Enquirer: 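Starting off with a structure, shown below.
Scope of the values below: all heavy atoms of this structure, side chains included, with no hydrogens, waters or symmetry mates. These numbers come from a predicted model, not from an experiment. One-based numbering, in listed order, for ligands and for the atoms of each.
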Amino acid sequence: MCGIIGIVSHSPVNQLLYDGLLVLQHRGQDAAGIVTAEGNTFHMHKANGLVRDVFRTRDMRNLLGNAGIGHVRYPTAGNAASSAEAQPFYVNSPFGVVLGHNGNLTNADQLKEDLFRLDLRHVNTSSDSEVLLNVLAHELVEVGNSQRLNPERIFKAVSGVHRRCKGAYAVVAMIAGHGLLAFRDPYGIRPLIIGSRQSAEGMEYMVASESVAIDALDFKIMRDVAPGEAIYIDEAGQFHSMQCAQQHQYYPCIFEYVYLARPDSVIDGVSVYESRLRMGESLAEKIRRDWSHLQIDVVIPIPDTSRPSALQLANQLGLDYREGFIKNRYIGRTFIMPGQAMRKKSVRQKLNAIGIEFKGKNVLLVDDSIVRGTTSREIVQMARDAGARQVFFASAAPPVRFPNVYGIDMPTRQELLATGRNDAEIAREIGADALIYQDIDSLIDAVRELNPGLLHFDASCFNGEYVTGDISEAYLALIESVRCNPGMKDGKDMDTLQLDLNLVAGGRGG
Ligand SMILES: O=P(O)(O)OC[C@H]1O[C@H](OP(=O)(O)OP(=O)(O)O)[C@H](O)[C@@H]1O
Ligand SMILES: NC(=O)CC[C@H](N)C(=O)O
Ligand SMILES: [Mg+2]
């Protein structure tokens, strides 16, 4: 999950894009970038780091123009450390296209090979997003046939992207001399929402990963971009939209509601905050039903994301809710940091216990999820060190047992605490006296009750069902071997691996 934003205005957009990226910072802390369009010229600045560190005043001054796109990166593919993979990406033909991507392509290797062999396009990074940009550029060439692009041709090119790309993609792009294009994959796995506002000179539009950016920039929410749909705002400020996928159906990622999104966002008609309250309610029901023998003195959230669930859980059970852990506001989200050593160190730097809330008490710690167990292991120990008698742990999400291949960086089963372990074994691993997980059906109900129109969700990290239908055991094994053998990224080994991936992709008709 990265954060993306695009704005078409009647006045300079550099500050708006910067402010929008700031409120999407929770979606990616590794790199940030902005491209603005001034006539046919793009101005770009991107680098590794947080938004506030990447953009200096001189960079902002250079970002001229009344339209632009921005990106905050949380890497899932390619090289996390490489600033060459910061987004947006640029390609000079046709016309000049820039693109920012949230998600992960599951057939990127096959596409890269096809681009080189069939489309005569070279992609020099290992980023799947640069592959996506080149597929879009190629499709734009195909439909344009050296003429100026119009909405119809642009939408036809997006249909071509849908035909070729597999996986998850929410995209913002700009075509030089034309306008702003945004689209969402045919399952709508990653979120994308549109806003507008009336200015003295006419309508202005924006698209963003989350509604919180639309609120913060004082635009009004129009609606979510539908799965498979594309939005195009031309140079004259005219709004166009079209369904570009032959088959399309909502399968939004349920982990957005569990952890990724900000609680003050509304995604696909569901308030993230309210869904978290409901997760707390159903967890409370489960405790009342199956765990009534636990003598709980106090409920303590693990800041930040679990707070609404923990609060509602305590309310439902008539228990005290206390802030037993204080969060250092200058440390970012630990789950989306690269590397286990950094994540582990940061939990201790980020959270500290308040002794009186633990001393001699039986505490129920509530977190939104347990993924690698980095947070829960440390936190249970901190509760014990602070004098807790018994430490119980509740997770507002079910066990995470399967890799995510759609834009969340958890590609290997080995790193997931719950893979191959039952609840009792997981409780032992994190050192808890009892462990209560949300049931998958209750999680889905908690979200769906807020928008009954959402019939399906991508819940693959909980149930192992991959909606795109192209995820084989061989694919997962290869992704894991790349992750577990970083040495294989160089030289012959990587070539062998690349070949294997192509065979896997080819074998399934990709
Ligand atoms: O089992 P783990 O691998 O530790 O992952 C799960 C933890 O990571 C996240 O917290 P994070 O610190 O990223 O962000 P938050 O402040 O939004 O809760 C999440 O809220 C859990 O606390
Ligand atoms: N989390 C994401 O959306 C990642 C986007 C892209 N796959 C990258 O690695 O940069
Ligand atoms: Mg957390």
Enquirer: Identify, with sequence neighbours excluded, every residue that meets side-chain contact (heavy atoms from CB on, under 4.5 Å) alongside Ser395.
Expert: Ile370, Ala397, Tyr437
Enquirer: Any nitrogen or oxygen of Asn102, side chain or backbone, less than 3.5 Å from one on ligand 2?
Expert: yes
Enquirer: Among all protein non-hydrogen atoms, which one is nearest to atom 5 (C) of ligand 2, and what is the separation to 0.1 Å?
Expert: Gly103 O, 3.3 Å
Enquirer: Measure the shortest side-chain to side-chain distance between Tyr406 and Cys253 over non-hydrogen atoms and say whether it is less than 4.5 angstrom.
Expert: no
Enquirer: For atom 10 (O) of ligand 2, what's the nearest protein heavy-atom neighbour? Residue, atom name and distance, please.
Expert: Arg73 NE, 2.5 Å
Enquirer: Over 60° means perpendicular and under 30° means parallel, so classify the ring planes of Phe335 and Tyr259, tilted if in between.
Expert: perpendicular
Enquirer: Which ligand 2 atoms are under 4.0 Å away from a heavy-atom of His101?
Expert: 5 (C)
Enquirer: Starting from atom 9 (O) of ligand 2, find the nearest protein heavy-atom neighbour and note its residue, name and distance.
Expert: Thr76 N, 3.0 Å
Enquirer: Between Gln87 and ligand 2, which part of the residue brings a heavy atom under 4.0 Å of the ligand: side chain, backbone, both or neither?
Expert: side chain
Enquirer: Please find out if less than 6.0 Å separates the ring center of Phe55 from that of His45.
Expert: yes
Enquirer: For ligand 2, does Cys2 get within less than 4.0 Å through its side chain, its backbone, both, or neither, judged by non-hydrogen atoms?
Expert: both
Enquirer: Please work out whether the ring planes of Tyr257 and Phe457 are parallel, tilted or perpendicular, with thresholds of 30° and 60°.
Expert: perpendicular
Enquirer: To the nearest 0.1 Å, how far is atom 1 (N) of ligand 2 from its closest protein heavy atom, and which atom is that?
Expert: Met1 N, 2.6 Å
Enquirer: Considering only NZ, NE, NH1 and NH2 on the basic side and carboxylate oxygens on the acidic side, decide whether Arg184 and Glu229 come within less than 4.0 Å.
Expert: no
Enquirer: For Ser460, give me all partners under side-chain hydrogen bond (donor to acceptor under 3.5 Å, both in side chains), at least two apart in sequence or on another chain.
Expert: Asp458
Enquirer: So, using salt bridge (Lys or Arg N to Asp or Glu O under 4.0 Å) as the criterion, who are the partners of Asp433 when residues are at least two apart?
Expert: Arg384
Enquirer: Applying a heavy-atom cut-off of 4.0 Å, say which part of Glu85 lies close to ligand 2: side chain, backbone, both or neither.
Expert: neither
Enquirer: Within ligand 2, which atoms have a heavy atom of Tyr74 less than 4.0 Å away?
Expert: 1 (N), 2 (C), 4 (C)
Enquirer: Do Glu210 and His26 have a side chain donor and acceptor closer than 3.5 Å?
Expert: yes
Enquirer: May I ask you to decide whether Asp119 forms a salt bridge with Arg121, counting only side-chain N to carboxylate O separations under 4.0 Å?
Expert: no
Enquirer: So what's ligand 1 close to, N/O to N/O, under 3.5 Å?
Expert:
residue	atom	partner	partner atom	Å
ligand 1	1 (O)	Val371	N	2.7
ligand 1	1 (O)	Arg372	N	3.2
ligand 1	1 (O)	Gly373	N	2.8
ligand 1	3 (O)	Arg372	N	2.8
ligand 1	4 (O)	Thr374	N	3.4
ligand 1	4 (O)	Thr375	N	2.9
ligand 1	4 (O)	Thr375	OG1	2.6
ligand 1	12 (O)	Thr334	N	3.1
ligand 1	12 (O)	Thr334	OG1	2.7
ligand 1	12 (O)	Lys350	NZ	2.6
ligand 1	13 (O)	Tyr259	OH	2.7
ligand 1	13 (O)	Thr334	N	3.0
ligand 1	13 (O)	Phe335	N	2.8
ligand 1	14 (O)	Lys350	NZ	3.4
ligand 1	16 (O)	Asp304	N	3.2
ligand 1	16 (O)	Lys350	NZ	2.6
ligand 1	17 (O)	Thr305	OG1	2.5
ligand 1	17 (O)	Arg333	NE	3.0
ligand 1	17 (O)	Arg333	NH2	3.3
ligand 1	18 (O)	Asp304	N	3.2
ligand 1	18 (O)	Thr305	N	3.2
ligand 1	18 (O)	Thr305	OG1	3.3
ligand 1	20 (O)	Asp368	OD1	3.3
ligand 1	20 (O)	Asp368	OD2	2.4
ligand 1	22 (O)	Asp367	OD1	3.1
ligand 1	22 (O)	Asp367	OD2	2.5

Enquirer: Give the contacting part of Asp128 toward ligand 2: side chain, backbone, both or neither, where contact means a heavy-atom distance below 4.0 Å.
Expert: side chain
Enquirer: Which of the atoms of ligand 2 are close to Gly407, meaning less than 4.0 Å from one of its heavy atoms?
Expert: 1 (N)
Enquirer: Between Lys286 and Asp439 (salt bridge meaning N to carboxylate O under 4.0 Å), is one present in this structure?
Expert: yes
Enquirer: Distance to 0.1 Å, residue and atom name: give those for the protein heavy atom nearest to atom 6 (C) of ligand 2.
Expert: Ser129 OG, 3.2 Å
Enquirer: Check this for me: does any side-chain nitrogen of one of Glu130 and Lys112 sit under 4.0 Å from a carboxylate oxygen of the other?
Expert: no
Enquirer: Under a 4.0 Å N-O cut-off, is there an ion pair linking Asp185 with Arg190?
Expert: no
Enquirer: Would you mind listing which atoms of ligand 2 come within a distance below 4.0 Å of any non-hydrogen atom of Pro75?
Expert: 9 (O)
